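Please read the structure below before turning to the comments.
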Amino acid sequence: MLVTGGAGFLGSHLCDRLLRDGHDVLCVDNFFTGSKRNVAHLLAEPYFELLRHDVTFPLYVEVDRIFNLACPASPVHYQHDPVQTTKTSVHGAINMLGLAKRVKARILQASTSEVYGDPEVHPQREDYWGRVNPIGLRSCYDEGKRCAETLFFDYHRQHGLDIKVVRIFNTYGPRMHPNDGRVVSNFIVQALKGEDLTIYGDGSQTRSFCYVDDLIEALVRMMDTPAGFTGPVNVGNPAEFTMRELAEKVLALVGGTSKLVFRPLPPDDPRQRQPDIALAREKLRWQPTVSLEDGLRETIAYFRALLQA
Ligand code: NAD
Ligand code: UDP
Ligand code: UDP
């Protein structure tokens, strides 16, 4: 099994899971946002290999299955070098699809709810085409991921590739990058340091947060679905919260004296986001099992240990 972006937050949990299931895992990462620390505990495993490689360059290896996760996922990181973000999504997809074609591997794309942009339908179903700004600050990520989906479906139609496309909604948990600017890690790190929690805008915008273990289960199930099923399929937790509610939950769990402070809303920030997971329930026999409170507890424990180290 090849996992691109395998040293990242989701990728490292996926490597853990695939090894536990008895697979031989090749983890490929350029360590842009991922880190060796996320997979250091796997380096001694005989069926784990770590390769430093940038997926925008060709890769010749022999594998049966490819999980294509390589791509910075947080706005701070993907906007740092937006041209490289588009290249990673687009050239990375072309290279991994070329590889899958040559070795006849099944290939799964980690797509995103961002393909729906700032949506005008709620909750979002897979047949919604989205409302994405093609020239804004988020476009390198959103349009890169949309183009990657196009490439997946064209390789499927044109070359008969066995593809799986998963649209991941906001996911959180241990091994998120502490400085990557995503809301869950920001709020937890701020609360643990006794700093004020930065709410962008008035905090009435919503997101639906899925705990990493639930998400990994969905990826594995999707990879194992029959060849006829390509997706795209939404995976995420439909429980929807405002950012103000999230901040209050984090504060209640961490304790301390932090307050909520309000900062300007970044441009193109989606107002509302909630997955419709009827398709995942039907085809993957999957639904999330971890509540936000339980997931936050695990994540807080991780960041507490990290900050003390
Ligand atoms: P992450 O930043 O922790 O992981 C991405 C990994 O890809 C990192 O290890 C990074 O070093 C690596 N990478 C980046 N560019 C690369 C390149 N050119 N070549 C090789 N490796 C490269 O983020 P994550 O949250 O683990 O996201 C993993 C995937 O899931 C991404 O494709 C992301 O778009 C998708 N996704 C995540 C979420 C979420 O909420 N976490 C939501 C939607 C989609
Ligand atoms: N590719 C790769 N590994 C492989 C096979 C292909 O990285 O094992 C890359 C190759 O560099 C090519 C891309 O995948 O540019 C697309 O391959 P495809 O066969 O679809 O197209 P072509 O080689 O005809 O451009
Ligand atoms: N956000 C916030 N404070 C922060 C970081 C983010 O209020 O410190 C908001 C952000 O504006 C967005 C939501 O939280 O409305 C989720 O942001 P994140 O970057 O985690 O994910 P995305 O916007 O890509 O869903």
Side-chain angles (χ1 to χ4, degrees), residues 3-14 27-35 38-39 51-63 67-78 81 84-85 87-89 91-103 105 109-115 138 141-142 144-145 148 151 155 158-159 161 166-173 175-177 180-187 189-190 197-201 203 205-210 212 215 219 235-236 242-244 246-247 260 262-266 268-271 273:
V3 180
T4 76
F9 159 50
L10 295 180
S12 63
H13 285 279
L14 180 60
C27 167
V28 163
D29 206 295
N30 70 348
F31 303 122
F32 173 50
T33 51
S35 129
N38 288 338
V39 289
L51 177 67
R52 180 195 292 261
H53 174 80
D54 183 323
V55 294
T56 62
F57 296 101
L59 175 67
Y60 286 80
V61 291
E62 310 305 312
V63 293
F67 289 89
N68 189 36
L69 275 63
C71 186
S74 84
V76 172
H77 283 141
Y78 71 65
D81 185 350
Q84 173 68 13
T85 299
K87 282 187 188 170
T88 293
S89 276
H91 292 178
I94 291 173
N95 286 329
M96 292 309 105
L97 287 161
L99 168 63
K101 183 177 132 207
R102 182 179 61 80
V103 301
Q109 168 67 358
S111 190
T112 169
S113 54
E114 292 283 324
V115 301
R138 295 176 85 103
Y141 184 74
D142 301 6
K145 288 286 190 177
L151 284 161
Y155 269 81
Q158 197 173 327
H159 298 302
L161 251 66
V166 176
R167 293 183 178 152
I168 301 171
F169 284 65
N170 297 63
T171 301
Y172 70 100
R175 301 192 199 143
M176 291 183 92
H177 196 297
D180 85 358
R182 281 187 269 192
V183 68
V184 174
S185 44
N186 264 17
F187 285 176
V189 170
Q190 288 163 342
L197 274 56
T198 53
I199 294 188
Y200 300 163
Q205 73 271 36
T206 67
R207 293 292 186 274
S208 309
F209 296 101
C210 184
V212 60
L215 196 280
L219 294 187
V235 294
T242 66
M243 294 310 99
R244 187 188 257 279
L246 176 70
L260 308 185
F262 295 86
R263 298 279 177 263
L265 190 68
D268 295 340
D269 199 278
R271 281 286 319 148
R273 188 182 289 150

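None of the values given here were measured: they were computed from a predicted structure. One-based numbering, in listed order, for ligands and for the atoms of each.
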Under a heavy-atom criterion of less than 4.0 Å, does [X] contact ligand 1?
X: His53; answer: yes
X: Ala7; answer: yes
X: Gln84; answer: yes

Can you find an N or O of [X] that's nearer than 3.5 Å to an N or O of ligand 1?
X: Ile168; value: no
X: Asn68; value: no
X: Lys145; value: yes
X: Ser35; value: no
X: Ser113; value: no
X: Pro72; value: no
X: Ala70; value: no
X: Gly11; value: no
X: Phe32; value: yes

Relative to the heavy atoms of [X], which atoms of ligand 1 are at a distance of less than 4.0 Å?
X: Gly34; value: 8 (C), 9 (O), 10 (C), 11 (O)
X: Gly5; value: 6 (C), 7 (O), 9 (O), 12 (C)
X: Asn170; value: 40 (O)

What protein heavy atom sits nearest [atom], and how far off is it?
atom: atom 8 (O) of ligand 3; answer: Asn186 ND2, 2.8 Å
atom: atom 12 (C) of ligand 2; answer: Asn95 OD1, 4.2 Å
atom: atom 15 (O) of ligand 3; answer: Asp269 OD1, 2.5 Å
atom: atom 28 (C) of ligand 1; answer: Leu69 O, 3.6 Å
atom: atom 5 (C) of ligand 3; answer: Tyr200 CE1, 3.3 Å
atom: atom 9 (C) of ligand 3; answer: Gln205 NE2, 3.8 Å
atom: atom 21 (O) of ligand 3; answer: Asn170 ND2, 3.4 Å
atom: atom 27 (O) of ligand 1; answer: Ala73 CB, 3.6 Å
atom: atom 13 (N) of ligand 1; answer: Asn30 OD1, 3.3 Å
atom: atom 13 (C) of ligand 3; answer: Met243 SD, 3.7 Å
atom: atom 39 (C) of ligand 1; answer: Arg182 NH1, 3.3 Å
atom: atom 3 (N) of ligand 3; answer: Thr198 O, 2.6 Å
atom: atom 11 (O) of ligand 1; answer: Asp29 OD1, 2.6 Å
atom: atom 26 (O) of ligand 1; answer: Leu10 N, 2.8 Å
atom: atom 19 (N) of ligand 1; answer: Val55 N, 3.0 Å
atom: atom 44 (C) of ligand 1; answer: Ser111 O, 3.4 Å

Review point. Given that the side chain starts at C-beta and the backbone is N, CA, C, O, which of these parts of Tyr141 lies under 4.0 Å from ligand 1, counting heavy atoms, or is it both or neither?
Key: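 Side chain only; the backbone of Tyr141 stays clear of ligand 1.
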With heavy atoms and a 4.0 Å threshold, my read on which part of His177 contacts ligand 1 is neither
Notebook entry, point to check: Going by the order shown, which atoms of ligand 3 are within less than 4.0 Å of some heavy atom of Ile199?
Noted result: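 Selected atoms, number and element: 7 (O).
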Enumerate the atoms of ligand 3 whose separation from the nearest heavy atom of Glu114 is less than 4.0 angstrom.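 Within the 4.0 Å cut-off of Glu114, ligand 3 contributes 24 (O).
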Return yes when [X] approaches ligand 3 closer than 4.0 angstrom through a heavy atom, no otherwise.
X: Gly181; answer: yes
X: Arg273; answer: yes
X: Ser74; answer: no

Students often mix this up, so state it plainly: with edges at 30° and 60°, are the rings of His77 and His177 parallel, tilted or perpendicular? perpendicular
Check your understanding: What class does the angle between the rings of His159 and Tyr155 fall in, given that below 30° is parallel, 30 to 60° is tilted and above 60° is perpendicular?
Key ->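 Correct class here is tilted.
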Contact check, Tyr155 vs ligand 2, heavy-atom distance below 4.0 Å: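 Distance cut 4.0 Å: Tyr155 passes for ligand 2.
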Should you measure from each heavy atom of [X], which atoms of ligand 2 turn up under 4.0 Å away?
X: Lys101; result: 18 (P), 19 (O), 20 (O)
X: Arg102; result: 4 (C), 5 (C), 8 (O)
X: Ile94; result: 13 (C), 14 (O), 16 (C)

Looking at Arg167, is its backbone amide N or carbonyl O close enough to the side chain of Thr112 to form a donor-acceptor pair, meaning the two atoms are under 3.5 Å apart?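 Flag not set: sc Thr112 to bb Arg167 has no pair under 3.5 Å.
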- prompt: Do any N or O atoms from the side chain of Lys87 and from the backbone of Val55 form a donor-acceptor pair under 3.5 angstrom?
  reply: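 No; zero donor-acceptor contacts below 3.5 Å.
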Inset, instruction - Indicate yes or no: does Glu114 engage Arg138 in a salt bridge with an N to O separation below 4.0 Å. - result: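 So Glu114 pairs with Arg138 through a salt bridge.
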Partner of Leu10 under side-chain contact (heavy atoms from CB on, under 4.5 Å), picked from Leu219, Leu215, Val3, is Leu215
Looking only at non-hydrogen atoms, the one of Ala93, Pro58, Gly98 nearest atom 6 (C) of ligand 2 is Gly98
* Any protein heavy atom sitting closer than 4.0 Å to atom 17 (O) of ligand 2? ->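 Given the 4.0 Å cut-off, atom 17 (O) of ligand 2 counts as touching protein heavy atoms.
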Output yes when the distance from some N or O of ligand 3 to some N or O of [X] is under 3.5 Å, and no in every other case.
X: Gln190; value: no
X: Val183; value: yes
X: Arg138; value: yes

Hey, could you give me the CG/CG distance between Leu59 and Asn95, rounded to the nearest 0.5 Å?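 One gets 8.0 Å once the value is rounded to the nearest 0.5 Å.
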With rounding to the nearest 0.5 Å, note down the distance linking CZ in Phe9 to OG1 in Thr33.
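The OG1 atom of Thr33 is 11.5 Å from CZ of Phe9, to the nearest 0.5 Å.
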Counting heavy atoms under 4.0 Å, the part of Arg263 that contacts ligand 3 is neither
With heavy atoms and a 4.0 Å threshold, my read on which part of His159 contacts ligand 2 is neither
Heteroatom distance test (Leu59, ligand 2): nitrogen or oxygen, under 3.5 angstrom
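Yes; the residue has a nitrogen or oxygen that sits under 3.5 Å from a nitrogen or oxygen of the ligand.
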